[in-house]
Amino acid sequence: MSRHVLVPMDDSAPARAALDHALEWVPADRVTVVFAVDGLEAEYGSVVSGDDEPAFFADVRDIAAACDGSLETTVVEGSGVAEAILEYATEADVDAIVMGSEGKAGVSRLLLGSVAEAVTRRAEVPVTIVP
């Protein structure tokens with residue numbers, strides 16, 4: 001049985017730590033790094049959207065190569081970052097999610113609530129939170 005692990009990423013230290021953890025400690029046949037975009041933010045051009053790829057995906061591939069691993073990358077859009085992650089996890093039939101404890105959101109995290117917390121509460125698969 002193959003395992004598919006999802007690693008939601010932004011360009012933050014906790015997200016990179018989650019990727020390191022997933023590649024080194026989680027037995028998986030398939031690792032997918034997803035950059036989730038809030039659809040409303042994407043409409044106004046404040047973040048990457050559609051077929052665009054965030055610049056940090058190049059670093060993500062370098063990290064995987066250093067760990068002798070391979071991974072897939074994708075950008076997903078939803079009605080919120082947590083919602084986009086959860087929808088992708090269901091559609092892609094992932095077995096686990098490994099994510100950082102906080103991202104680059106800063107102030108918006110305080111106002112909107114933690115994406116990691118929302119994913120943990122609502123995910124149908126095990127979630128590992130990496131500080």
Taking atom OG1 of Thr73 and atom CD of Glu53, what is their separation to the nearest 0.5 Å? 4.5 Å
Pair Glu77-Asp38, side chain to side chain contact (heavy atoms under 4.5 Å, CB included): steps then yes or no: CA-CA 6 Å; Glu77 190 175 311; Asp38 182 303; over 6 Å; no
Evaluate the criterion side-chain hydrogen bond (donor to acceptor under 3.5 Å, both in side chains) for residue pair Thr128 and His21; output intermediate values, then yes/no. CA-CA 9 Å; Thr128 300; His21 181 80; 5.3 Å; no
Give a yes or no on whether the backbone of His4 and the side-chain of Asp95 come within a donor-acceptor separation of less than 3.5 Å. yes
Please round to the nearest 0.5 Å and tell me the distance separating atom CZ of Phe57 and atom OG1 of Thr74. 7.0 Å
Flag if over 12 foreign heavy atoms under 6.0 Å of CD, Glu124: no
What distance separates Leu86 CG from Glu91 CD, expressed to the nearest 0.5 Å? 11.0 Å
Check: Asp29 side chain, Arg3 main-chain N or O, donor-acceptor pair, under 3.5 Å: yes
Arg122, CZ: over 12 other non-hydrogen atoms inside 6.0 angstrom: yes
Could you report the tightest heavy-atom contact between Ala89 and Ile97, atom names first, then the distance? CB-CD1, 4.0 Å
Correct closest heavy-atom pair for Ala116 and Ser101 would be CB-O, 3.7 Å
Note: Ala18 and Gly100 closest approach over all heavy atoms is CB-N, 3.5 Å
Any Val76 side-chain heavy atom under 4.5 Å of Val37 side chain: no
Dump the intermediate steps for side chain to side chain contact (heavy atoms under 4.5 Å, CB included) on Val75 and Val34, then the final yes or no. CA-CA 6 Å; Val75 176; Val34 63; over 6 Å; no
Could you check whether any side-chain heavy atom of Val33 comes within less than 4.5 Å of a side-chain heavy atom of Leu6, counting everything from C-beta outward? no
Can you see which heavy atom on Arg16 is nearest to which on Phe56, and at what distance? NH2-CB, 3.9 Å
Using a 4.5 Å cut-off on heavy atoms from C-beta on, say whether the side chain of Thr32 contacts that of Val7. no
Nearest non-hydrogen partners of Ile85 and Val115, listed with the distance: CD1-CG1, 3.9 Å
Heavy-atom closest pair, residues Leu23 and Ala64: CD1-CA, 3.6 Å
Spacing of CG belonging to Leu19 relative to CE belonging to Met99, to within rounding of 0.5 Å: 13.0 Å
